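Heavy atoms only: backbone and side chains are in, while hydrogens, waters and symmetry mates are out. Every chain is numbered from 1 and lettered A, B, ... according to where its sequence line falls, protein lines coming before strand lines. Everything numeric in this text was worked out from a predicted model, so none of it was measured.
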Number of protein chains: 2
Amino acid sequence: MDIADRRKADPAHWRLASAIRALSMDAVEAANSGHPGMPMGMADVATVLFQKHLKFDAASPHWFDRDRFVLSAGHGSMLLYSVLYLTGYEQMTIDQIRNFRQWGAITAGHPEYGHAEGIETTTGPLGQGIATAVGMAIAEEAMRAQFGADLCNHKTWVIAGDGCLMEGISQEAIGLAGMQQLKNLIVLWDHNDITIDGRVSLSDKTDQLKRFEASGWRVLSCDGHDAADIDRALTDAASGKDDRPVMVACKTIIGFGAPNKQDSSGVHGSALGAKEIEAARAAIGWDARPFVIPEDILTDWRAIGAKGRATREAWNARVDAAPNRDEFARRISGEVNDKLAPVIAALKEQALDAKPKVATRKASEMVLEVVNPELPETMGGSADLTGSNNTRTKDLGTFSPENRTGRYINYGIREHGMAAAMNGIWLHGGFRPYGGTFMCFVDYARGAMRLSALMGLPVTYVMTHDSIGLGEDGPTHQPVEHLAICRATPNTLMLRPCDLIETAEAWEIALSSESTPSVLALSRQNLPLLRETAGGNLTAKGAYILREASAAPKVILMASGSEVEIAVAAREALEASGVPTRVVSVPTMELFREQDAAYRESVLPGDTVRVAIEAGIRQPWDWLLLGERGREERSGFIGMTGFGASAPAPTLYKEFGITPEATVAEARRLLG
Amino acid sequence: MDIADRRKADPAHWRLASAIRALSMDAVEAANSGHPGMPMGMADVATVLFQKHLKFDAASPHWFDRDRFVLSAGHGSMLLYSVLYLTGYEQMTIDQIRNFRQWGAITAGHPEYGHAEGIETTTGPLGQGIATAVGMAIAEEAMRAQFGADLCNHKTWVIAGDGCLMEGISQEAIGLAGMQQLKNLIVLWDHNDITIDGRVSLSDKTDQLKRFEASGWRVLSCDGHDAADIDRALTDAASGKDDRPVMVACKTIIGFGAPNKQDSSGVHGSALGAKEIEAARAAIGWDARPFVIPEDILTDWRAIGAKGRATREAWNARVDAAPNRDEFARRISGEVNDKLAPVIAALKEQALDAKPKVATRKASEMVLEVVNPELPETMGGSADLTGSNNTRTKDLGTFSPENRTGRYINYGIREHGMAAAMNGIWLHGGFRPYGGTFMCFVDYARGAMRLSALMGLPVTYVMTHDSIGLGEDGPTHQPVEHLAICRATPNTLMLRPCDLIETAEAWEIALSSESTPSVLALSRQNLPLLRETAGGNLTAKGAYILREASAAPKVILMASGSEVEIAVAAREALEASGVPTRVVSVPTMELFREQDAAYRESVLPGDTVRVAIEAGIRQPWDWLLLGERGREERSGFIGMTGFGASAPAPTLYKEFGITPEATVAEARRLLG
């Protein structure tokens, strides 16, 4: 059926879906950048989903028991923004839609978590959404098991495109979800057969239904432009008729409604242009001016946005009546558990007495053994290296279809999928996830680890075997550049403790974090207890004097993790030969950077020899090695200190201060 | 059937396979580290493969038309080393096997390309092998199409484990191979149902046969301990009866032959121990001392290693008689094409005249437009961003099942699979691959990019949209830390040209590289031609004076890529107000590091103000900003400057010089 036939076949539905199409093409046109094809192609599916299936209340975006909606094909962000505006999310005003992709707007090129309520996760790097949704669905099952279906019983809906399904991470997600029988997870595949380079068949001929089925999914299909057929499929998908997650192949035409450009890659990622917009308006029967939604249509959409209110109020009443409501509230708040500090303090005191010589991966396990029983919100796991990562403690059962109260996830050999699932678990709420693999496999997990940082999710990566200290497995498994990679990543805490006490402090920092992921780099090999005090959290200083020199230091040795032992030994030799030598432990550069200048000067005064020791590359150490006061005052850097933003490039250069003017000003400042 | 039954059923096969089992368990025992389970489990399959199917000649490991054998499950390295020794590869002596996983041995924990002939690619990070093999099979098809089946007609065999198939990259490989109908690619799946954490079902329930079928593979099964059944399946697989790649599920028992430990995760990654080795020797009927292969068995194995000789000699004769033998020899040599330099020189001269203001991604396309017609060995591609990466030139046809002479690959939305395939294309020989995606998706491709560097493969990554300069797509697509990531990676050339001339120079460097991968970071936005000379290759200096100060410089502005324009503008402002200012373009830090001290001093003298400008994080710039002579002489670093190695950890620390002694010596040196 062509556009006209569709329009005639179901006018009540058509007018609602047309509002998405109109807003999407107008916003992309105004920005002169963006992706109209996907929002126009999936407008019908999204309309039926929000109208008839998604449990939500636009007036209460944080309602815990809402269905989660993840737009894995994040380039179709205007689909999400349109629906958020139409259903009445307060923050998503028409002005925000008008300012799509502009500096300061919450309507970034790709949906950015934290920009606007209703954006459940950041998407754009393809496949992240579907893999993050798996974590959300895991958390939903686990919370339901712990608090009951009265308090937690909702679905996770995903819209994924061909790109999401071609990315390798999708297989990790599909495999994990299938094995875990996440029946409340429903993926709507935008089966439009178009990628940027042309037809999907140019690069892939996978039978996606068969592929999902092979990993234990139930699969359905529908005509993605027939509201009744969509409704039928979504009803079936949501029925929970068996224990499998569900994939619905929605056969669509990309850019549907743009009569001359639809069904081509030309409509994927470029504005339609005034002429084609005119043609599209005629074709879909849309008379309103750009960014104007006719009153009657907006009223109907707003009613959709409000239809969940009674359900939410009933849920509120159930929560109020629940005996465990306080713990439930604490859990979903994500607040730091006040039992953490005393547990850590006690462990450190014991360590000072017992002076155990253990690998920091083992030290990490010792921390978790005392923390996990006190913090029911931890959710551990490993990418099939449990015995090596030391991530599993005795009290954690295995999370599985048979045991939803288990708090340990066998993620399988899926580092990327694990990292994305951890993001999803945190985003869902109720749990504080941590997961382990070898440090070197930061490489495999990077795509999702970057999103942890960009979204500001305090998940914890337990990265063991953190250097050549792992030995015989060889260079493929020996991280060399990975400490630098994590330190280079904005909003990431790279913690590399040197002994049990620093490991306990590192975990305290990680589990107290509110908006920063932590990477714990842990040794395979045993390390002695080097700390001589247990009070305070010295690791939180980033760097501190571990061994003072016998007199004014002539040499400062700096090191992290397993190399601090080397620094301490070297100091003894230097001191023995009359060279006053200080050892500075540097468990985390990021936190040292945040200390005031006086503290930093007290730890690293000028005019000494400095030697840094770390079994990784030098790049991150240069500022500590070379940045003595005199030189810092003679050098400047014009660049980035955090992640970017969505706006035209010239605006970004200006806003982030990467300009000739800023350069000139910095040079002048340095010239004095 | 148990061990005794198998032994009785086919004694002639059993003794050959037992040699693999014995060597593997003995080597792992001697090293007290390693993975006996996989070599013992797949010994029967490997024996049949090498005995009856693999086309090779142990005396001529570099024979171009050999079948390629890729051990994707690289932890089972002793399987490969055993077979290389048994079949008579000269380098793989019994002493090397005895020194498995020791410093200086070629028998690293995981197979390392370049350590020994017969190791076709580095494996260990799971899934890399199967994805690299896809590239090999692509190159085989393409070389056959270009030079005929007389010169190129061989298969690529892969042994992959459950871990390989759980990693996301495997889906990218499977999808690409299925679409491309690589019928000479045969994957032997070690279907042992065990991972490190236990049964596969703990984390995955995927029906792998169905999954491969869904992506266009032919699938077969066999009893992996029945030589006749293995032979049947491999014969069928190699028959080329249709156009699909083939996957053979080999049902095996991990650690088969170790009677008390087989079929458990305990046998996966630990030495068996003396007692179990004794039991295994009894069970498999092996009386010889450790590392000794009975003469008759070794003789039979050596005959297997020599059986390909006549085939190879016939091939040699065909090559000698081929009219295109010189070009064929040139192509498979991998040598740098001497047509490159004049083409680049001419383009630079033209650029100097025309002064085009173009994005460096467009500049890159202009380079490729003149290079590709002259260099038939280039093989381009993109991960579905062809129009954005500007990677496709007019003369390149599309490589597809219908057109094997095409030199442009639509990799699909598979950055990781693309990078691994590029590694495989180079390793196979005949082509010099390049492939494009957005710079930010270094994150997705990292696992394979690291292997490019570790193996020393001169592939080229065309990474466009290299900063916030991409604009509206927002922070998910804006690289910030990725320049630092690439610069932190050993043996990686991170090239960020500022205009067309530098882009041409960068390509000249990349296409002249013999053992280092190149990453070209290219702008989305237009940039003016800044260079005022075209002679020489200034980019190869790493950093050079682009604009001299009007007098002795008081300020030095350093920048790379799109920010050099900013530096030049800032210089004009500073000069106009009487501040002598030099601009140093820094297209590649790695090459600047390699210049002698006199040159570096001439470019960056001390006692000036220095400001660096780059739309990324500061970390890589600290050494240029802060490392003035005085300070460099007062600071040292004890750490890594390249990748690690396989040996016990204490040995590695000693060999790489990360010791108290080295620290003390460095401190003393700096104290003077």
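- Taking the six-membered ring where the residue is Trp, His416(B) and Tyr444(A) present perpendicular rings, their angle passing 60° and hence far from 30°.
- Remark: the backbone N or O of Gly109(B) is not paired with any side-chain donor or acceptor of Asp473(A) at under 3.5 angstrom.
- Leu209(A) does not touch chain B: none of its heavy atoms, backbone or side chain, sits under 4.5 Å away.
- Of all the heavy atoms in Thr476(A) and Thr123(B), the pair that sits closest is CG2-O, 4.1 Å.
- Between Ser215(A) and Lys205(B), every side-chain heavy-atom pair lies at or beyond the 4.5 Å cut-off.
- Annotation: salt bridge (Lys or Arg N to Asp or Glu O under 4.0 Å) contacts of Glu563(B) (sequence neighbours excluded): Arg496(B).
- Across Arg211(A) and Ala214(B), no two heavy atoms sit closer than the pair N-CB, 3.7 Å.
- Leu126(A) and Ile413(B) get closest at one heavy-atom pair: CD1-CG2, 3.7 Å.
- In this structure, the portion of Ser467(A) lying under 4.5 Å from any heavy atom of chain B is its side chain and not its backbone.
- Nearest heavy atom pair, residue Val664(B) against residue Ala570(A), reads CG2-O, 3.6 Å.
- Between Thr206(A) and Gly175(B), the shortest heavy-atom contact is OG1-CA, 4.3 Å.
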Evaluate Val480(B) against Arg450(A) for side chain to side chain contact (heavy atoms under 4.5 Å, CB included), listing each step before the verdict. CA-CA 11 Å; Val480(B) 167; Arg450(A) 186 174 205 257; 4.1 Å; yes

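- You'll find the side chain of Arg414(B) reaches within 4.5 Å of the side chain of Asp204(A), heavy atoms only.
- Residues that satisfy the salt bridge (Lys or Arg N to Asp or Glu O under 4.0 Å) test with Arg446(B), not counting sequence neighbours, are Asp443(A), Glu481(A).
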